Visitor: 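Starting off with a structure, shown below.
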Amino acid sequence: MINKRIERKKALDFSDKLLSWHQNINRGLPWVGIKDAYRIWLSEIILQQTRVEQGLPYYQQFIRRFPTVRSMAEATEDDVLRLWQGLGYYSRARNMYYTAGMVTQQYRGKFPTSYDELIKLKGIGAYSAAAIASFAANEPRAVVDGNVVRVLARVFGLSIDYQRSEGKKLFSHVAQQLLPVEKAGRYNQAIMDFGALQCVPRGPECGSCVMERICYASRKKQVARLPVKRKKHELKKRYLHFFIICHQDEVLIEQRTAKDIWKGLYQFPLIETEAETPFNELLQSDKAKSLGLEAMQGMKDINRHKQKLSHQELHFTVYQLWCRSNTFNTLARQYMAVPAIHLKKYSFPKTLAYYTDISLYSIK
DNA sequence: AATTCGGGGGT
DNA sequence: ACCCCAGAATT
């Protein structure tokens, strides 16, 4: 089933209908129809697992701040992470920064446009390499993203889970057979727009669809069942207790370096537990003792937040405390003591970014 | 070959 | 609630 063969005539029928449908489509996206491989790359990284509407403002900010790949390479990773703050999947930003340096050095700032070169770069996988190569150089590589999987699963009745490695082979093989070699860029844009605008995940209007006659799912009433995806398992719950420890106009923060969520971002001193834990129990922990929390003032100021990630359910408890100068100076050796007015220079997880607002701190 | 990386919007 | 998003890296 991995090598499903699509008849030549059927492939042409599909691509013709698709390209003809796409004649009237223009979403006005700034990275569509351009040839600058750097900008195309930037858009593809931002849009990985991210909706166009969510990524668009980030794209504009990045282009304004980093007009060229060299300008990004000359910044710091912290600069890039700060601009990326709130977008999620932060390894994209770290890999993007790394690749900007690589391209600036190895390619002298001229971004590669061939699939074989692109696929070697960090943060660029099969999808992004095909997208950049086809958009920037019209190289005939078929993209397979979530939109394409949905369209192909329905039109050609592909019922294997794309997340499985067999699924990846099948979908990319089918996609490549459908690609009209001489119109690669246009076709790739068309099939993604088709998935995003017409063949939508839930409740597509098949009655007005140009593919209705040739669509397997429409004929067999399988539209709601395709594409097939494995069910996801239960979210792991984590309890994060952050302590905003202040002294005069300064606050303690640290950078996350572990192989975990938010690597590279900053946070306030943290005590993590596996279950909900009240403050007086937290005080018993070694971490609380090393922080000297018991002697601090203001533990009645508590905020709670709940945030769901794709694999975890996070329970935040945020305390604001004031401590004496000798304690603060001791802690400032393990943490960073930062003036509250400078907190906005650091990249925080979305939920914590709220606490970088200076209005929360009474600065004299 | 499966899991793990955020955060937001649609239904 | 649950699903899905212009996926890639890691285990």
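Worth saying up front: this structure is predicted, and the values here are computed from it rather than measured.
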Visitor: Within the structure shown, what part of the strands sits under 4.0 Å from Q163(A) by heavy-atom distance: base, sugar-phosphate, or nothing?
Guide: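 Nothing: the residue Q163(A), judged by heavy atoms under 4.0 Å, touches no strand.
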Visitor: Does dT4(B) have OP1 or OP2 under 4.0 Å away from a side-chain N or O of H233(A)?
Guide: yes
Visitor: Among dA6(C), dG7(B), dC4(C), which is the nearest nucleotide to the side chain of D145(A)?
Guide: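 Of all the options, the side chain of D145(A) is nearest to dA6(C).
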Visitor: What is the separation between atom CD on E234(A) and atom C1' on dA1(C), rounded to the nearest whole Å?
Guide: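 Whole-Å distance recorded here is 14 Å.
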Visitor: In whole angstrom, what separates L226(A)'s CG from dC3(C)'s C1'?
Guide: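 Rounding to the nearest Å, CG of L226(A) and C1' of dC3(C) are 16 Å apart.
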Visitor: Here's a test of your reading of the structure: between I119(A) and P201(A), which maps to the more 5' nucleotide of DNA chain C?
Guide: P201(A)
Visitor: To the nearest Å, give me how far apart CZ (F171(A)) and P (dG7(C)) are.
Guide: 14 Å
Visitor: Under 4.0 Å between a side-chain N or O of Q48(A) and OP1 or OP2 of dG6(B)?
Guide: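 No.
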Visitor: With a 4.0 Å cut-off, would you call D13(A) and R213(A) a salt bridge?
Guide: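 Salt bridge: no.
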Visitor: Under 4.0 Å between any heavy atoms, over every strand shown, what does G86(A) touch: base, sugar-phosphate, or nothing? Just pick one.
Guide: sugar-phosphate
Visitor: Give a yes/no answer on whether the side chain of R150(A) brings an N or O atom under 4.0 Å of OP1 or OP2 in dC5(C).
Guide: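 True: R150(A) side-chain N/O within range (under 4.0 Å) of dC5(C) OP1/OP2.
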Visitor: Calculate the interatomic distance between Y187(A) atom OH and dA6(C) atom C1'; express it in whole Å.
Guide: 15 Å
Visitor: Among residues 256-276 of chain A, which ones have heavy-atom contacts with DNA chain B below 4.0 Å?
Guide: D260(A), I261(A), W262(A)
Visitor: Distance from F268(A) atom CZ to F348(A) atom CZ, nearest 0.5 Å?
Guide: 4.5 Å
Visitor: Sort me out a list of protein N/O and nucleotides 9-11 of chain B N/O pairs below 3.5 Å, or just none if empty.
Guide:
residue : atom : partner : partner atom : Å
dT11(B) : O2   : R202(A) : NH2          : 3.4

Visitor: Just checking, K168(A) and Y162(A): is the charged tip under 6.0 Å from the six-membered ring centre and within 45° of the axis?
Guide: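 That pair qualifies as a cation-pi contact.
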Visitor: Between dT11(B) and dA6(C), how far apart are the P atoms? Round to whole Å, please.
Guide: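 Per the computed distance, 13 Å lies between those P atoms.
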Visitor: Are the ring centres of F242(A) and H305(A) closer than 6.0 Å?
Guide: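 That pair fails the under 6.0 Å test.
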Visitor: Under 6.0 Å between the ring centres of Y319(A) and F243(A)?
Guide: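 Between Y319(A) and F243(A), the centre distance is under 6.0 Å.
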Visitor: Would you state whether a donor and an acceptor, one from the side chain of Y127(A) and one from the base of dG7(C), lie under 3.5 Å apart?
Guide: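 Flag unset: no donor-acceptor pair detected.
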Visitor: Whether the Y127(A) and E44(A) side chains hold a donor-acceptor pair (N or O, under 3.5 Å, no angle test) is what I'd like checked.
Guide: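 Side-chain D/A pair, Y127(A) to E44(A): present.
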Visitor: Between C1' on dA6(C) and CZ on R27(A), what's the gap in Å once rounded to a whole number?
Guide: 8 Å
Visitor: For S128(A) and dA8(C), is the shortest distance between a side-chain N/O and OP1 or OP2 below 4.0 Å?
Guide: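 Result: yes.
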Visitor: OP1 or OP2 of dA9(C) sitting under 4.0 Å from any side-chain N/O of Y89(A)?
Guide: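 Answer no for this pair, as no side-chain N or O of Y89(A) is under 4.0 Å from OP1 or OP2.
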Visitor: Is it true that the side chains of T99(A) and K122(A) contain a donor and an acceptor less than 3.5 Å apart?
Guide: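 The criterion, which ignores hydrogens and geometry beyond distance, is not satisfied for K122(A) and T99(A).
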Visitor: Within the structure shown, what part of the strands sits under 4.0 Å from Q85(A) by heavy-atom distance: base, sugar-phosphate, or nothing?
Guide: nothing
Visitor: From the options dT4(B), dC4(C), dA6(C), select the nucleotide whose nearest atom is closest to the side chain of L47(A).
Guide: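 Shortest atom-to-atom distance from the side chain points to dA6(C).
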Visitor: In whole Å, I'd like the distance from the CD atom of E44(A) to the P atom of dG7(C).
Guide: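 For the pair E44(A) CD and dG7(C) P, the rounded distance is 9 Å.
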Visitor: Checking R225(A) against Q222(A): is there a side-chain donor and acceptor pair closer than 3.5 Å?
Guide: yes
Visitor: Does the structure show a Watson-Crick or G-U wobble partner for dG6(B), both distances under 3.5 Å? Name it, or say none.
Guide: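 dG6(B) is paired with nothing.
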Visitor: With a non-hydrogen cut-off below 4.0 angstrom, is S91(A) in contact with a base, only sugar-phosphate, or nothing?
Guide: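 S91(A): no heavy atom of the nucleic acid under 4.0 Å.
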Visitor: Within the structure, does a side-chain N or O atom of Q49(A) lie under 4.0 Å from either OP1 or OP2 of dC5(C)?
Guide: no
Visitor: Does K229(A) have a side-chain nitrogen or oxygen under 4.0 Å from the phosphate oxygens OP1 or OP2 of dC3(C)?
Guide: no
Visitor: Is it true that D16(A) and K183(A) have a side-chain N and a carboxylate O under 4.0 angstrom from each other?
Guide: no
Visitor: Between Q307(A) and R164(A), name the one whose nearest nucleotide on DNA chain B is closer to the 5' end.
Guide: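 The 5'-side residue here is R164(A).
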Visitor: Any side-chain donor-acceptor pair under 3.5 Å between D357(A) and S359(A)?
Guide: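 Yes, because at least one side-chain N or O of D357(A) sits under 3.5 Å from a partner of the opposite role on S359(A).
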Visitor: Looking at dG6(B), does its base get a donor-acceptor pair with the side chain of T50(A) below 3.5 Å?
Guide: yes
Visitor: Taking only the P atom of each, what is the distance from dA8(C) to dG8(B) in whole angstrom?
Guide: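 Those two atoms are separated by 22 Å.
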Visitor: What is the distance, to the nearest angstrom, from the CG atom on L42(A) to the P atom on dG7(C)?
Guide: 15 Å
Visitor: Between P on dC3(C) and CG on L309(A), what's the gap in Å once rounded to a whole number?
Guide: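 One finds 17 Å between P of dC3(C) and CG of L309(A), rounded.
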Visitor: How would you label the contact of I124(A) with the nucleic acid (heavy atoms, under 4.0 Å): base, sugar-phosphate, or nothing?
Guide: sugar-phosphate
Visitor: Could you measure between the two P atoms, the one in dC5(C) and the one in dA1(B), and give it in whole Å?
Guide: 23 Å
Visitor: Rounded to the nearest 0.5 Å, what separation is found between the CD atom of Q177(A) and the CG atom of L179(A)?
Guide: 11.0 Å
Visitor: Between dC5(B) and dA1(C), how far apart are the two C1' atoms, rounded to whole Å?
Guide: 23 Å
Visitor: Answer yes or no: is there an ion pair linking R82(A) with D78(A), defined by an N-O contact shorter than 4.0 Å?
Guide: no
